[in-house]
Amino acid sequence: MTTSSAPRWRGLALLPDAGGVAVVETDGATSMATGRSEVEALITRLTPTTRWVTWSADELRPLILARLPLPRTWSVAEAHRLLHGGLRADPHRCWAAARGLDLGTLPSPPRTDLFALLDEGEDGGETEPSRTASPGGPVWPVRRDGYLRAEVDHSTLTTLEEAGAWAVAAVQVAHAQREALQQRGPRAIATCHSESAAAVLAVELERDGLPIDRPVLEELITRSAGARPITERDELARRADRDRSVLEAVPGIGRVDLRNPASVRQLLATAGVDVPSTRKWVLEQHADRHRVIPALLDWRRRERIATTYGWRWLDAHVGPDDRLRGAWSACDGAAGRMTAQAGLHSLPSELRPGVAAAPGHLIVRADLGQVEPRVLAAVSGDEAFAAATLAEDLYLPVAQRLGSDRSVAKVAVLAAMYGQRSGAAGEALRGLEREYPVAMRLLDHAQRRGEGGMPVWTVGGRLVRTNLPEQSERLGADQRQSLARARGRFARNAVIQGSAAELFKAWAVTVRESVRDLDAQVVLCLHDELLVHVRQEQAQRCADVVHEALAASSRRWVGHDRVRFVADVSVVRRWSEAKD
DNA sequence: TCAAATACGTA
DNA sequence: CGTACGTATTTGAG
């Protein structure tokens, strides 16, 4: 293998105020471009062979907003998250980790309070830091004790020299990260490439937003929350309107605070229904006992839309261009799935007809089928389980081997991956252990590590810690055991969920690249589902490209073709439209 | 005023 | 005693 050959890396740092870009060449020389055309020429001239190193994709935001393509990047932050787990990946932390410095004594970021004045000059660095970069390496951002200056980040850069030194430091970290990732496993560097691209995609997703059909969305909101309130009085009146349907189901009840679970429980007791809690699944079991219960469940549904996805949400997150925007991150702090704000990942299906292509456009909707068991087959190397993935419906061959119904096989496989032990799953699990011992061993091993508070790794090499937040000292024996079990289930699931996230992102960023020529954009990533917005003439071609991208990226990711991934791909006007 | 607990939407 | 996240609300501590 020749993976150790030096990558063609160029560091990139932006001067926020000057509107310029500093580029550090592979030999350390720094050049600079200012103005859009000059910057674009500088970036695109080198694009085909260059991987652009930055501390984070967020630093590239101005270039991304200017729609520069940036196809090959190395995000120091994403590499750090892969190597060390968790979410925190500011430059100072990444630098210290790459240098092997103690993270416990990481200089704290500057405070804006009065105490900051008292502490000035006590950072272990020079009191009058030289803001000059030396040719041999970054002097200015680095303190005498080896840490990066806590008060420096990309928004504070003011000169070409500073930007150059900032980029040089990023490239130095990237080289160390690459070495570490090479040790981590055969897929880790490729994973870092796609995670870095996913971080750029995350900025693009926020830039482009999700196209919505405003009249339809407004109608759907009106149906649940009531007409748009103008005054605060209106708002209270709408709220009372929603409450009324529940309250009138129990005559003479008077005023009840439906938002207070204790009051609701009392309300139900008055109606002659005694429930241990007012949780939805509990209420559903008593739905036929009194008409107030269905009314309450419907109230909850409407109230969710009114409060979380109502008029305020629409005004806050949907722009005048009818795009729904929220911030995205390329990975969460646990197994590494993408996250999104503004409710983009939990939009009720009821509102999805309101997500629609802009005029003259269509949406290519694609979702991976049965992705987690297919990922299990890939990461475990269980050849029998891999054989099942060749089927369009993986659960059919599994059921056949288990000698059970498809439904039993499905429950068993999902239970195996989620660590469920209760109910009918227990029996069927034994069948899985008999027929697919290799896959089951991998899950059990991860679970045992989690129970012991030890980390696990995704197939792409991401470290997933299992001992993070809870203070395990001073726990009773029962608490300790339930904590260990929770960690075990988490670890068992994390190797699958996290590896699936890596495959998904590899697919998503391949789609991102390959639809660029069609002038199409990925506008939503939802764990196993992609929406691509495209002009209608190109929609069919785009759907084909999405399929091809899955074939290519999954083949690369798995490393062979004995595990198959499948996607449902359809061309629709609205997100809600049925798959074909 | 802030954090935890509760609840629930999505995968 | 299935996992994850984001959002809103209530509650209780400071």
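Keep in mind it's a predicted model, so treat the numbers as computed, not measured. Throughout, protein chains are lettered first and strands after them, A, B, ... in sequence-line order, and every chain is numbered starting at 1.
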Sorted by chain and residue number, the salt bridge (Lys or Arg N to Asp or Glu O under 4.0 Å) partners of Asp322(A) (sequence neighbours excluded) come out as Arg214(A)
Per the 3.5 Å Watson-Crick/G-U criterion and a run length of at least three, the stems involving DNA chain C are B:1-11 with C:3-13
Here the distance between atom C1' of dT3(C) and atom CD of Gln447(A), to the nearest Å, is 12 Å
Which of dG6(C), dG2(C), dT11(C) is nearest the side chain of Asn260(A)? It is dT11(C)
Arg302(A) atom CZ is separated from dA8(C) atom P, nearest whole Å, by 19 Å
Here the side chain to side chain donor-acceptor pair (under 3.5 Å) pairs for residues 275-292 of chain A, sequence neighbours left out, are Thr278(A)-Arg300(A)
Sorted by number, residues from residues 203-225 of chain A placing a heavy atom under 4.0 Å from DNA chain B are none
Tell me whether Arg312(A) is salt-bridged to Asp315(A), with the criterion being a basic N under 4.0 Å from an acidic carboxylate O. no
Readout for nucleotides 5-11 of chain B: B = base within 4.0 Å of protein heavy atom, S = sugar-phosphate only, - = neither; 5' to 3' it is -SBBBSB
Here the distance between atom C1' of dT10(C) and atom CG of Leu258(A), to the nearest Å, is 14 Å
I'd like to check Trp311(A) versus Pro229(A) (side-chain heavy atoms, cut-off strictly below 4.5 Å). Are they in contact?
yes
The complete set of side chain to side chain donor-acceptor pair (under 3.5 Å) pairs with one or both residues in residues 494-509 of chain A, sequence neighbours excluded, reads Glu195(A)-Lys505(A), Thr458(A)-Glu502(A), Asn493(A)-Gln497(A)
Separation of dT7(C) atom P from Ile305(A) atom CD1, nearest Å, is 17 Å
### Residues Arg223(A) and Glu219(A) bridged, charged N to O under 4.0 Å
yes
Rounded to whole Å, the CD-C1' distance (Glu303(A) to dT10(C)) equals 13 Å
Phosphate-side-chain proximity, Arg259(A) and dT9(C), N/O vs OP1/OP2 below 4.0 Å: no
Taking atom types as modelled and ignoring hydrogens, do the side chains of Ser346(A) and Tyr309(A) form a donor-acceptor contact shorter than 3.5 angstrom? yes
Rounded to whole Å, the CG-C1' distance (Asp257(A) to dT11(C)) equals 12 Å
Salt-bridge criterion met for Arg448(A) and Glu451(A) (N-O under 4.0 Å): no
Here the gap from Ile221(A) atom CD1 to Leu351(A) atom CG, rounded to the nearest 0.5 Å, amounts to 6.5 Å
* **Main-chain N/O of Arg573(A) paired with Glu577(A) side-chain donor or acceptor, under 3.5 Å** => yes
Rounded to whole Å, CZ of Arg492(A) lies from C1' of dA4(C) at a distance of 17 Å
dist Arg323(A):CZ -> Ile212(A):CD1 (nearest 0.5 Å) comes out at 10.0 Å
ask   = What is the nucleic acid contact for Ala415(A), judged by heavy atoms within less than 4.0 Å: base, sugar-phosphate only, or nothing?
value = nothing
Query raised in the report: Is Asp213(A) salt-bridged to Arg574(A), going by a charged N under 4.0 Å from an acidic O?
Result: yes
| request: Select base, sugar-phosphate, or nothing to describe what Ala494(A) touches, counting heavy atoms under 4.0 Å on all strands. | output: nothing
Between CZ of Arg485(A) and C1' of dT3(C) the distance, given in whole Å, is 17 Å
Of Ala335(A) and Gln341(A), the one whose nearest nucleotide on DNA chain C sits closer to the 5' end is Ala335(A)
